[in-house]
Each structure stands twice: as C-alpha cells, then as structure tokens.
Amino acid sequence: MSVDFCGLTLAHPILNGSGTFDALAAETVFGAELHKRFPFSAYVSKTITLQPRLGNPPPRLWEAASGLINSIGLPNRGLVGYMEHDLPRLAQLPVPLITNVMGADAEELRELVAACDAQQAIAAIELNVSCPNVKTGLDIGSDPSQLEAVCLAVRAATSKPLIVKLTPNTADVAACAAAAESGGADAVSLINTLRATALHPRTRARWLGGGNGGLSGPAIRVVALAQVAAVAARVGIPVIGMGGVQSSEHARDLLDVGASLVAVGSESFRDPGVAGRIAAELTGAPSAPLRASPGR
Amino acid sequence: MSVDFCGLTLAHPILNGSGTFDALAAETVFGAELHKRFPFSAYVSKTITLQPRLGNPPPRLWEAASGLINSIGLPNRGLVGYMEHDLPRLAQLPVPLITNVMGADAEELRELVAACDAQQAIAAIELNVSCPNVKTGLDIGSDPSQLEAVCLAVRAATSKPLIVKLTPNTADVAACAAAAESGGADAVSLINTLRATALHPRTRARWLGGGNGGLSGPAIRVVALAQVAAVAARVGIPVIGMGGVQSSEHARDLLDVGASLVAVGSESFRDPGVAGRIAAELTGAPSAPLRASPGR
Amino acid sequence: MSEAGAGRPLAAFGRRILKVTRNEQLGAYRLLWVDDAAGPVPAPGQFAMIAAAERWGGGCDERPYLARAFSIARRLGNGEAAFMLEDVGPGTKRLCELRRGEGLAVLGPLGRGFSPAAAGQRLAVVGGGVGIAPLAILQDALVAAGAEHVTLLGFRDRVHAEAATLLGDPLVATDDGSVGHQGFVTELLEAELQRDPRLAVRACGPPPMLEAVRAICARAGVPAELALEAPMACGFGSCYGCVVPRRDGSYLRVCVDGPVVDAEQLERVA
Amino acid sequence: MSEAGAGRPLAAFGRRILKVTRNEQLGAYRLLWVDDAAGPVPAPGQFAMIAAAERWGGGCDERPYLARAFSIARRLGNGEAAFMLEDVGPGTKRLCELRRGEGLAVLGPLGRGFSPAAAGQRLAVVGGGVGIAPLAILQDALVAAGAEHVTLLGFRDRVHAEAATLLGDPLVATDDGSVGHQGFVTELLEAELQRDPRLAVRACGPPPMLEAVRAICARAGVPAELALEAPMACGFGSCYGCVVPRRDGSYLRVCVDGPVVDAEQLERVA
Ligand SMILES: Cc1cc2nc3c(=O)[nH]c(=O)nc-3n(C[C@H](O)[C@H](O)[C@H](O)COP(=O)(O)OP(=O)(O)OC[C@H]3O[C@@H](n4cnc5c(N)ncnc54)[C@H](O)[C@@H]3O)c2cc1C
Ligand SMILES: Cc1cc2nc3c(=O)[nH]c(=O)nc-3n(C[C@H](O)[C@H](O)[C@H](O)COP(=O)(O)OP(=O)(O)OC[C@H]3O[C@@H](n4cnc5c(N)ncnc54)[C@H](O)[C@@H]3O)c2cc1C
Ligand SMILES: Cc1cc2nc3c(=O)[nH]c(=O)nc-3n(C[C@H](O)[C@H](O)[C@H](O)COP(=O)(O)O)c2cc1C
Ligand SMILES: Cc1cc2nc3c(=O)[nH]c(=O)nc-3n(C[C@H](O)[C@H](O)[C@H](O)COP(=O)(O)O)c2cc1C
Ligand code: FES
Ligand code: FES
C-alpha cells in the first residue's frame, strides 16, 4: 500500500501531525527501536520560525473532555538553529522529511521556504498559516484571498512539494483550500487545532500561559472529518487529513472522504506506538500487538 | 441572584439551549412536576421557520467522543402552526418565553420577527443565523457585514429584546457579535453546534440523513468558552453563553468570562434535572439532590 | 402529541441513581436488577434511559456519552426492576459489567406502553431476541389480569433461547432448530392466526421480525401493537432524534409517540 | 538535549499493557503493583506514563484522557514494579480503583533519574508526601550499593506518615508533630547539614519543599538533585507541555531533561 504523494513514494499513508512527535527527543527515550519501528512514512517537523522562540510560559496544557488544549507557542531554534542543529539529525531518519514553517507575513514565509528549498534533506515543505495576522488578529489562513496571495508569494521560492496546513478556525475551509490550490499549493493538510481556552479552577484567570490555546484529540475528530470531506470535495490536489485519529477505523474514515494521507497527532502522546499499529492495520502488515515485553 | 436581562427579570441565569428541551413533550412525560420544578429562568423555543418543516430523514444522531452530532433539520409546525398550536401552551409555562426563529434571508426573518412582536406571550426573540445562505452555502451569520444587514432589517420589526444566536463556524466570532450589536441586537447567544460528520461504519456513506450535522456537548465546551470570552470582550450587549455545560462550575466559567446568562443544551438529554441543579448551585438555593425517589 | 401520553405513568423529573441489586446471566444476555422501590410503577412497554452512575465514557471511541434506552423487563412487588441487556457496543458493555451495589442512573419510566387487551380479546405476544424484554412485564400484567394470551418467541440458537425462561413456558422458534420450531417466530404466529383469526398482537423484536409481523397482521386484518426501537439522545421528546416515518410521511418520535405504536401507523418497519 | 539521556535506561517504543498484581493501602496513599518482568529495568528517579487499560475517561468533566506521570517507586527482583498514588483527581481516582488482574497501560521507563553518589559522597535523601515515591527505589539502590545515606521525610500528619515505612526507618517530620519531629523536613535537613556540611542531596516533594531544599543547599553550597513535577501530555519530549524555566530563562522539558535536575539549573522551584 505504498502511496505516491506529490512525487514522493511513501510506504504507507500515516504521518505525524506537526508538533506532536519530536523524533530527536524520542531517540533519547526509545533508542534504536525508534528507527527500527519508525511509525510514520514521512516525518513532519514541528513549526520552524525565522527567529528562535522560547514558546509560551507554562502552564501549556489543559486536559479537556476527550481532548487537550495546548498553548505551546511554537518553541523552536529558529531557521538557522534548525538548519544547523536539527536538520543533520532529522536527515538520518529512515523516512522523507517534511519541514513545517510559519511566518508572520508572506515575506517571512518566502524566506523560510527558500531556505528549505536549498536543503536536499528536506523532501517537502508545509506552511503553517495559523499564525495570527498582526493587523487583524485573525489567522492568515482564515481569509481565502489573503491565503492565495501568500501561497503565490512562496510558491515561486521552491520547486519542492508545498503543503498548506489550513486553519480550521474559519467559516469556509473549502474556500481556503481552493485558494491555496490556486495559489500553487501541491497539497493541503487539516485540521489544525480549534481555538479554545480554560480558566484556572481557583483564580478564575486564564489557565494557559498563552491565554488561548488549541483543542486537539478525539473531541475534534468529527469536526475534522467534516472539514476534510468538504476540502477533498472541492480541490484537486491531495489532502492530508488529521484530527483525533486514534485507530485505523478513524484513519479509514478520513481516507474514505478523500484524504490521501492521514496524520496522527495527540494520540501519539498517549501511545507513541499507535501510529505504527494504524499503518500496519491499513496496509495489512502484521501489526505489533500490545504486549508486556518491549518489541525488539 | 435574580438577573436583569434586556429588561426581563429572570430568577437565575440558567436557560435552555434552543432545540434541546421540548417543554410540551416534557409535560407529557413528567407531568405537573415539570412546572413545579421548571429548571430554566426563561424558556427558549426550538427554531421556528416560516413554513412547516418535517426535518431531516433519520438517522439524525451520532454519538461522538464526549458529545453528539445532530442533524435534526429544524422540524417545526411553521409560523402559523406555532402560533396556533404551541404558543398558547408555551404561554402557560412559569417563565418568560423566548421564541427562536430562522429564515433564509432578511425578508423571511423580518416576517417571523414581526409576527412574534405581535404576541404578548413572547418576551423576547432569538434569531438563529446559522442558516446556510442559498447562494454561498455559508451560514448567514458567518459574515459580519451580511449579519449586520440582517439585524438592521429585523430590528425595525420589533421592540422586544432581540437576541442573535451566532454561528461558531466562522473565523472571527467577535466580529460577528460586533456586527450584530451595531445592527441593533440587544444580546447575542453562542455557541451553536460545530459542523461535523460521521460515516456509516459499514457502508462508508454519510451516517446522518442530513449528511453533515452539528457537534454539541462536553467536546465543544472549551471552544465555547474561548468564543464566549472573545465575544464578551468585544461587545457591550449581554451575552448568553452555552456549549457543553454539565455543571455549575462550567456555568461559572462562562459567567466569569463575561456571559450574563448560560444555557444548558445537550446535558439536559442525559439528565433533564441538571439545569435545575446548576441553577440552585449558582444561586445557593437548596438543590434537589440526586436520589432514588422522585421529588414531589 | 401530549394526547399520546394520556394516562401513561409519569417519570420523575430528573434522573435518579438506583442501586444495582443483581446482575444475572440469562442465556446470551444479562439481566440487570435495580432497587426502584421508591420510583413510579411502569406500564408494560415503557422504557428507561440508563447509564452507569460512574465511568460512563472512556470506552471504544471514547464512548458512551449519552444514556441508553432499555425496556423495563420486569418489576417485582418489592420494587426491584429488571433490564435485559445484549452487549452490542460501548454502552451495553459498560452496563453488563455493573455489579451489585454500584449505581445506575435512571430516567423513567418513559414512553407509551402496550394497551391492555380489550374485553374478551385474546392476545398473541410475539417477540424475538432481546426484544422479549418488554414482553416479560407485559405477560406479568396479562397473567395478573387473567387475560388470555399465547406467547411466541424467536431466537437465533439454543444459547439465546435460554432467555425464553424469562416468560415462563412460551412457544419457541430458533433459526437453527436447536430449540422448538425451526424457523421464524412469525411462522408460529401465522399458525396461531390460522387457529384464531381474531387475535390481537403485541410484538417486539428486530426490525425484520417486526416488519414481518406487521405485514402478516395487515394481511390478516388483526390489530397489532409494535414496540419500536430507534437511536435516542433524550428519551423524553426533546431532541427529535428518534424519529420514524409514519405512513403519511410525517415523523413520529419513538420515545414519546412510542415505543409502542399501532402497526397501522407505519408503512413498514425499517 | 539527547545528551541528557546518555546512559539512561530506554523505554520500549509504545505502551505496554501490564497486569496489576496488587493494590495496597499505604497510609493515605495506594501502592499499585504491576508485573513488569519483561520490561526494561528503570533507574531510580525515572517515571512512567500510565493509564488504566480500560475505562480511562468518563470521570469528572469527562476526564481523564491523557496518561498520567508516576515515579517508579520500587522494582522487585521478580519484575514487580510499584507506583505510589495519591488520589487528587480523575486520573488518580481511576488508577486507585484498579484491581488485581486488571490491565495498566505503561509507557516507560522515562526521563533522567538520579545520579549515583560520587565515590565517598554521603547522601541526604529528602522527601515529602507522595514525593517519597522515587526515593524508595533510590534508597533500594543506595542500600544495594552500600552507599552511605540518611533519609529524611516530611508528611502532613500521622496517616500520611504511615507511608514512611516504604523507606524502612527514616527520620520523619510531620506538620502536626503526630510522628517524629514537629515541623518541616527541611529543618531535619538543616540539622543534618550542620553535622555534615559535605552532604549531597537528592530530593523529591511538593514545590514549596523543593524550593526550600534548593535554597538551603544553595546557601550551604552543597549539590542537590531535585525530582520535579510538571503537567505532562506525553512524557517523552514530544509535546513541549511540561516546561519549567531554567535560571537562564530558557525552558527545560521535565520529561526528558528531568524529572531529576541539578538544583543549580533553576532560579527557583515554583
Ligand atoms: C425503546 C427502546 C428499548 C430498548 N430496549 C432494549 C432492551 O431491553 N435490551 C437491549 O439490549 N437493548 C434495548 N434497546 C437497544 C439499546 O438501546 C441499544 O442496544 C443500545 O443503545 C446500544 O448501545 P451501545 O453503546 O452498546 O452500542 P452502539 O455502539 O450504540 O451500537 C448500537 C448501534 O448504533 C449504531 N452506531 C454505532 N456507532 C454509533 C455512534 N457513534 N453513534 C450512533 N450510532 C452508532 C450502529 O448501528 C450499532 O449497531 C432498546 C432501544 C430502545 C429505543
Ligand atoms: C515525573 C512525575 C512523577 C510523578 N510521580 C507521582 C507519584 O509517584 N505519585 C503521585 O501520586 N503523583 C505523581 N505525580 C503527579 C501525578 O502525575 C498527578 O497527581 C496526576 O497527573 C494527577 O492526575 P489527576 O487526573 O488525578 O488529577 P488532575 O485533575 O489532573 O489534577 C492535578 C492538578 O492539575 C490541575 N488541573 C485540574 N484540572 C485540570 C485540567 N483539566 N487540565 C490540566 N490540569 C488540570 C490542577 O492544578 C490539579 O491540582 C508525578 C508527576 C510527574 C510529572
Ligand atoms: C502539543 C501540540 C503541538 C502542536 N504543534 C504544532 C506545530 O508546531 N505546528 C503545526 O502546524 N501544528 C501543530 N499542532 C497541531 C497538530 O499537528 C494537529 O494538526 C492537531 O493536533 C490535530 O490533530 P490531533 O487531534 O490528532 O492531535 C500541535 C498540536 C499539539 C497537540
Ligand atoms: C438535538 C439538538 C437540536 C438543536 N436544535 C437547535 C435549534 O432548533 N435552534 C438553535 O438555535 N439551536 C439548536 N441547537 C443548538 C443548541 O441550542 C446549543 O447551541 C448547542 O447544542 C450547544 O450547547 P450544548 O453543548 O450545551 O448542547 C440544537 C442542539 C441539539 C443538540
Ligand atoms: S429520543 Fe429525544 S426526542 Fe426521542
Ligand atoms: S510531557 Fe510532553 S514534552 Fe514533556
């Protein structure tokens, strides 16, 4: 069940959601087993920005009903740090690397994309357009015409596959996908997290250091399915579906409404082995069962 | 803890969400106890349309993680049937009546609102603007400028309090609320359900007779809290908050981010007694405990 | 639609936490007993919305979330009430594991039950599978009233047919012939109608069985009351989720207009 | 950051379902034992992300959803491992009710543990409340290595202090004086430092206690390793949710850069 995706040949349709699996930390924790049983057919980096970011002050997590809100704030070493420190190690992963980037405007994004384009180790680029526009406060990606303009601007900077990760916090995600397509995107991915918040049980102030955060996990699965279906029905380019996937049935749902690939996000937090099981179940490969002894 | 809401004096801040409590059916099922222990300080009708509607073909329900998708399709007797059949009985309820109406365009809404305005038994009117615009397919309420125009058009048709029930399926719910305010709304209510869908486990076609549906319940609570907070921070008119409320703590969260009233929706399905308990807990009144014998 | 409710036993307004008294195996099913001595006495055919008081959720796909509808299968003089459970998904799975002393959240009794037999009318009580649940309490009432009736039950196989003991000593059909008549319970009904064409029928079971009963009764011109099922969110008429089309194309709400409906109302049972 | 992990026992990649062998009361706490004979041997101070294999969810506010972090409190020769639980919310509530034979989903061992004592170095093992959990397995290792140490534990009251037995016969302080010294465990540490100013400290407990330990050690110029806590989604460095600020303003991830950190890295424990 190998999948052709924008010219890349992937072993199966399961990826990670950006920011939900740190392959470098996982090497430390799981050692060689990680590479031997690498669960994703391509690895998506967390979001990289031009400048380094520390991320939001803690607390960064809130557990919701069947989900979690995160307000991590995109900590990363910045473009230079990524290229120097992370990329050489990510290049050693047994699968193609997709680098996810975010910028405050088209110019920043163009710079990030151009830098990625120059790296052989990067197989494809994902644009995270859930960044709030400084003027409107809305996600850049929430307005179709603005999104199309951004895509046109960065498209010129790379010949690598360009994936636009749409924001779900919009009235018409299919229109946004169509805008990305006409802006030259090779694929779209969705859904990112739903804007959400929580209060401190005692102080009544916002719980999260970042104020608002994004909801992920099973709670958003049926919203994701509707958005992915709407997008897949509208655009001709491939769609990467994600949101609350916990099992091969959930992945199958997304594929059946038109996704070409499926990403597993929060569920990997609960079990980093789940994506491998899902991939095996989808491809009919013998799956590593849940068992008491570590599999080696 | 009586609450002044747009000139109405309500005994406490807990209402029902439109379409989630049928007081007439409940009379049949619970008898006189319903009136004696009526849990809401005002009763919101389900959505009434100009023409009668049968609603969507079944199945109309899908159970999601910590929530449910409904695709009921607004079955109702139509304006005339409502006025003749339902209103006289709803007028007997021990609390003020808020009638919720939906129309395909401003003209339909104006007609519905004018008809409600003429009824003494109706204390306030709620506009459900989650109706898809026939041309764009988007909810009328998802575009601020369109929403403002609708509000201006209906505002003239009534001097009763006018509540606009916002759609959550939009990029900027606070901008929509501000548009409703400048269009003359006396209050806004939110959130309505999040667009969602599910597939038939076997046939892989859409499960719901209506194709898509709306997600409600605990799964959407933290999304509701963020939207209510954003709206309350933006507008000067009162806000009715709802979405996933199951307990007085959840109601308190919405009040603390700026809601004046809180509506209980899906949780009443699980326990029609819950809203009464929440109201009692908020007002410090002795609450009817969960117990084995019916309270009379 | 309140008309439908005339005279029905009313539910307490709000769910009540009852104590599980027994959880018994009954062939392929479980019989879950609760102490409901303080609750309203249900009419045969009424149901309740039930949920485990603790840990309702966290099963397959993070379900169950909503309460589940179950016929009240029996009510004893001491106030014990029984639900008959078939484990088909996350809700029934959780309910099946409840133990004595644990809490069950119950809303009910709900819905419109079976009507009593008209004076001198002989009834055929026809059920299949877990659909026999409301027929047990119905039969209890018929026996108490001294009403003449015959009970015909259908099951898949011997293990499922063990549940027939819930209704004393009925006529049984099994798909595989391991118990009683080999074939459908509707064949027993047709034979019975041959003998006594003036029967009235009370039936509950899987949709294909109910549809067959409906068609047989329509052809024979005998009145039938069918206890329907539909997925429910609330059970008390508020969600409009449980609809089934009437013959005239309008919808009835199974929870308040049923679950027991006159077969004539329906074009067919789907 | 992989540097931090040099030599740490590795976790199996993916969670494993282990069988609960015992669930014992330990004063105000519970000791949950699982059979992990097939699993990697943890280092003292490492933790695991754990969840009930069934019915994880459906508690208060429809939680828990994420797994929960627990120090590995003990590991026996037969492969049994213990977690010490304090019931503070929906996750610990569910874990506390697990019975022998039920399944526990375990990811681990995770994180950076305590370093072994340097040659000739005497250790003060300082803990409070449920924070004594990783100190039990640490003490087991110290005893096995014949390393000189003193163990100082603080609790609220007598019921909580019963848990001190987990570490044999330590010096105990209680807030209410019902057992041992009346006052804070840090007072015991200060007395100990008076006697032996060249101690090294290993500590785990509530943040105010750890902060006091940090401040005392900083003033006394003795090295301290503190086992921190932070809310965690993953436990293996992927979510970036468990951060704590370093002295230099950058953040460390408690799950991979800790939970055991050199006190010097921190400006303060909050
Ligand atoms: C009035 C009435 C009386 C009843 N009496 C009894 C009784 O006495 N005994 C008894 O055993 N049963 C009875 N039932 C049926 C019982 O309510 C269902 O079996 C129960 O609700 C199933 O719940 P579950 O979680 O175990 O299974 P579900 O997972 O809910 O599966 C049940 C069916 O729902 C569908 N389904 C699957 N996933 C979903 C989803 N996510 N959302 C919505 N639908 C889904 C499928 O078609 C599946 O076959 C009665 C039903 C009604 C309406
Ligand atoms: C490395 C490590 C080791 C640990 N070792 C142990 C141990 O050995 N024994 C032990 O008992 N505990 C240990 N803990 C703590 C343990 O993980 C927590 O007590 C547990 O996660 C609590 O889960 P809960 O669901 O019971 O409580 P929660 O409800 O999660 O409450 C815990 C705290 O989280 C906050 N909170 C409340 N609601 C939410 C919400 N919705 N989302 C996010 N936060 C919320 C509150 O501040 C609350 O006090 C350890 C923690 C770490 C990080
Ligand atoms: C802790 C966390 C961090 C995330 N970081 C990123 C990120 O850096 N960039 C990005 O595009 N999406 C990020 N996401 C969104 C996920 O990639 C994914 O779109 C979302 O979580 C929905 O999928 P899920 O429900 O399977 O988690 C993050 C999600 C979580 C939970
Ligand atoms: C079955 C169902 C029917 C609903 N019908 C209506 C309706 O007729 N009009 C309306 O404005 N909102 C309707 N709603 C939305 C609710 O009023 C409410 O906004 C939403 O369910 C969120 O609240 P909750 O999570 O507490 O249910 C309906 C919701 C449900 C679940
Ligand atoms: S189940 Fe809600 S209306 Fe019937
Ligand atoms: S818990 Fe996820 S990074 Fe530490």
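On a predicted model such as this, the values are computed, not experimentally measured, just so you know.
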> Using a 6.0 Å cut-off, check whether atom CD of Glu54(C) has over 12 heavy atoms from anything other than its own residue.
no

> Are there over 12 heavy-atom neighbours, none belonging to Arg100(C), within less than 6.0 Å of that residue's CZ?
no

> Among residues 209-235 of chain A, which ones touch chain C with a heavy-atom distance under 4.5 Å?
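Only Pro218(A), Arg221(A) of residues 209-235 of chain A have a heavy atom under 4.5 Å from chain C.
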
> Could you check whether any side-chain heavy atom of Asp61(C) comes within less than 4.5 Å of a side-chain heavy atom of His250(A), counting everything from C-beta outward?
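Yes; the side chains approach each other to less than 4.5 Å.
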
> About how many Å separate CD of Gln246(A) and SG of Cys60(C), when rounded to the nearest 0.5 Å?
9.0 Å

